[in-house]
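Okay, so here's the structure we're looking at.
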Amino acid sequence: MNRTPTASLPRIAVVATGGTIAGAGTAPGDAASAAYRSAVVSADELLAAVPGLQRLAALQAEQLFQIDSADFTDDKLLALARHVAALCARDDVDGVVVTHGTDTMEESAYFLHLVVKSAKPIVLTGAMRPGTAPAADGPANLLHAVAVAAHASSAGRGVLVVMNEEIHSARDVAKVHSQRLDAFASPHGALGAVVQGAPRWYRAVTRPHTTASAFDITAIDALPLVGVVMGHGHMRRELFDAWVAAGARAIVHAGFGGGTVPEYLKPVFAELCARGVPVVRCSRVGAGPVIRNANFDDDACGSIAADDQNPPRARLLAALALTRSPDVREMQGVFDRY
């Protein structure tokens, strides 16, 4: 654990979990090169590679995980949330930065957004290119993430994702490109930007989060299993049956357009809901709401409309809703509220 000697600066805990920002290669190249390896650079090395960090905050770094973010499981997600919550509860921590792989960063950010009961800034960042690649983006992203976490105006805004000089809400943000530096976007727009080394805000999130959320990581021992099935032409019911056989308590259907359900799946969904495994309808397109009872009779089926949550976030929100109640009306209320 490293600390700067300047006690007057904001005190920021940096929690490293691996990912491309901690990646390196044996030769210059992009993240897709065969020589590239994720999650090999330590937390201390990450901080040492970014000039100017020590002027922004008194930093303490720790290595929680050293993994590719594709390897994040629910158990690891719970461990991350508990660790971040514990840091936020400390009097000697003013904010937290989590370095994370980009593949599942939106899921971890959204989960923290809903379960960590703190108004202190919590910022996730990562990189699309490893540190050994030309024009590596990790150092700038980390610098900007610390700048946002250290700024007083960032408090109370929920969990944030800082990438490519943009500040996104964990409620909305998603990875929308496999390679580009501007891979992260929000359908309702970014909350703000990092301008001249400080956050500049343009909108706020009105849905509940962090201190206003009904969910609390200290009261969650495990997440119920929720499956996701991607909609496509010529679907088979065996995919849904497999999730039920595995013990799923709900199934997210990433449907076409506005959550359209094929005629041949409607009786399958009704059967699943009647068996106590509700179907959550969302969209595979990445933006826009799924409206209850539009193109499908959710009331008759007993299914849930996910509003504008994408499939990965819908899975997490359904799991959290199930920790409180299996009643589909209460679960629908959770999706309507969050």
On a heavy-atom basis, which atom in Ala314 and which in Cys282 lie closest, and how many Å separate them? CB-SG, 4.4 Å
If you compare all heavy atoms of Arg180 against all heavy atoms of Asp182, which two are closest, and at what distance to 0.1 Å? NE-OD1, 2.9 Å
So which residues get pulled into Trp243's cluster when ILVMFWY side chains under 4.5 Å apart are joined, directly or through others? Leu225, Val229, Met235, Leu239, Phe240, Val244, Ile251, Val261, Tyr264, Leu265, Val268, Phe269, Leu272, Val277, Val279, Phe296
Just wondering, do Lys76 and Thr104 contact through their side chains at under 4.5 Å, heavy atoms? no
Going through the checks in order, is the side chain to side chain donor-acceptor pair (under 3.5 Å) test met by Asp75 and Thr73? CA-CA 5 Å; Asp75 287 342; Thr73 61; 5.0 Å; no
Would you say Ile67 ends up clustered with Leu112 if hydrophobic residues are merged whenever their side chains have heavy atoms under 4.5 Å apart, either directly or through other cluster members? yes
Parallel, tilted or perpendicular: ring planes of Phe215 versus Tyr338, cut at 30 and 60 degrees: tilted
Show your reasoning for whether side chain to side chain contact (heavy atoms under 4.5 Å, CB included) applies to Leu9 and Leu56. CA-CA 7 Å; Leu9 290 173; Leu56 295 174; over 6 Å; no
Report yes if the side chains of Arg292 and Asp299 come closer than 4.5 Å at any heavy-atom pair, otherwise no. yes
Identify which one of Arg313, Arg171, Arg207 satisfies the salt bridge (charged side-chain N to carboxylate O under 4.0 Å, His left out) criterion when paired with Asp308. Arg171
Would you check if the side chain of Glu165 reaches a backbone N or O of Ala193 as a donor-acceptor pair within less than 3.5 Å? no
Under 3.5 Å donor-acceptor, Gln66 side chain and Val41 backbone: yes
Tell me, do Phe111 and Leu320 make a side-chain contact under 4.5 Å, heavy atoms counted? yes
Is it the case that over 12 heavy atoms from other parts of the model lie below 6.0 angstrom from the CZ atom of Arg337? yes
From Leu322 CG over to Met331 CE, what is the distance, rounded to the nearest 0.5 angstrom? 4.0 Å
Under 3.5 Å, is there a donor-acceptor pair between the side chain of Ser69 and the main chain of Asp103? yes
Only counting residues at least two apart or in another chain, list the ones meeting salt bridge (charged side-chain N to carboxylate O under 4.0 Å, His left out) with Lys117. none
Checking Arg157 side chain against Ser153 main chain: does a donor-acceptor pair fall under 3.5 Å? yes
Rounded to the nearest 0.5 Å, what separation is found between the CZ atom of Arg90 and the OG atom of Ser118? 12.5 Å
Nearest 0.5 angstrom please: Ile167 CD1 to Asn164 CG, how far? 12.5 Å
Can Ser108 and Leu124 be said to form a side chain to side chain contact (heavy atoms under 4.5 Å, CB included), step by step? CA-CA 9 Å; Ser108 294; Leu124 277 74; 4.2 Å; yes
The single option from Val252, Val280, Leu114 that satisfies side chain to side chain contact (heavy atoms under 4.5 Å, CB included) with Leu317 is Leu114
Distance col, row Asp137:CG vs Ile21:CD1, nearest 0.5 angstrom, shows 7.5 Å
With a 4.5 Å cut-off on side-chain heavy atoms, are Leu191 and Asp172 touching? no
Is there a donor-acceptor contact under 3.5 Å from the side chain of Arg315 to the main chain of Val228? no
May I ask whether Ile220 and Leu64 are part of the same hydrophobic cluster, defined by side-chain heavy atoms of I, L, V, M, F, W, Y residues being less than 4.5 angstrom apart, directly or through others? yes
Does the Thr17 side chain pair with the main chain of Phe65, one donor and one acceptor, at a distance under 3.5 Å? no
Min side-chain heavy-atom separation Gln332-Ile304 under 4.5 Å: yes
May I ask you to decide if Gly259's main-chain N or O and Arg281's side chain share a donor-acceptor pair within less than 3.5 Å? yes
Would you check if the side chain of Asp307 reaches a backbone N or O of Gln309 as a donor-acceptor pair within less than 3.5 Å? no
For Pro208 and Ala212, the nearest pair of non-hydrogen atoms, with its separation, is CB-O, 3.9 Å
In sequence, state the C-alpha distance, the side-chain angles, and the governing distance for Thr323 and Asp221, and then conclude on side chain to side chain contact (heavy atoms under 4.5 Å, CB included). CA-CA 9 Å; Thr323 66; Asp221 296 325; over 6 Å; no
Can you find a heavy atom in the side chain of Thr102 that is under 4.5 Å from one in the side chain of Met163? yes
Quick check: do Leu53 and Leu59 have side-chain heavy atoms less than 4.5 Å from each other? yes
Return the minimal non-hydrogen interatomic distance between Ser283 and Val290, and the atom names on each side. N-CG2, 3.7 Å
All heavy atoms of Pro326 vs all of Arg249, minimum pair found to be CB-NH2, 4.3 Å
Does the Asn310 side chain pair with the main chain of Gly286, one donor and one acceptor, at a distance under 3.5 Å? no
Between the CD1 atom in Ile122 and the SG atom in Cys88, the distance rounded to the nearest 0.5 Å is 4.0 Å
Side-chain contact test, heavy atoms from C-beta onward, threshold under 4.5 Å: evaluate it for His151 versus Pro121 and give yes or no. no
same_hphob_cluster(Val148, Ile12) at 4.5 Å side-chain heavy-atom cutoff: yes
Where Gln63 and Ala43 come nearest, the two heavy atoms and their spacing: OE1-N, 2.7 Å
Using a 3.5 Å distance criterion without hydrogens, assess whether the side chain of His144 forms a donor-acceptor pair with backbone atoms of Ala140. yes
Can you hop from Leu78 to Met105 via hydrophobic side chains spaced under 4.5 Å? yes
Under the side chain to side chain contact (heavy atoms under 4.5 Å, CB included) criterion, do Lys175 and Glu106 qualify, and how do the steps go? CA-CA 7 Å; Lys175 185 176 181 179; Glu106 65 195 77; 3.6 Å; yes
For Arg236, does the CZ atom have more than 12 heavy-atom neighbours from other residues, nucleotides or ligands under 6.0 Å away? no
Reported CG-to-OG distance for the pair Asp71 and Ser38, which is rounded to 0.5 angstrom: 8.5 Å
No-hydrogen, no-angle side-chain donor-acceptor test under 3.5 Å, Ser42 and Asp44: no
Residues at least two apart in sequence or cross-chain that pass ring-ring contact (aromatic ring centres under 6.0 Å, His included) with His168, listed by chain then number, are none
hydrophobic_cluster_shared for Leu87 and Leu80, side chain cutoff 4.5 Å: yes
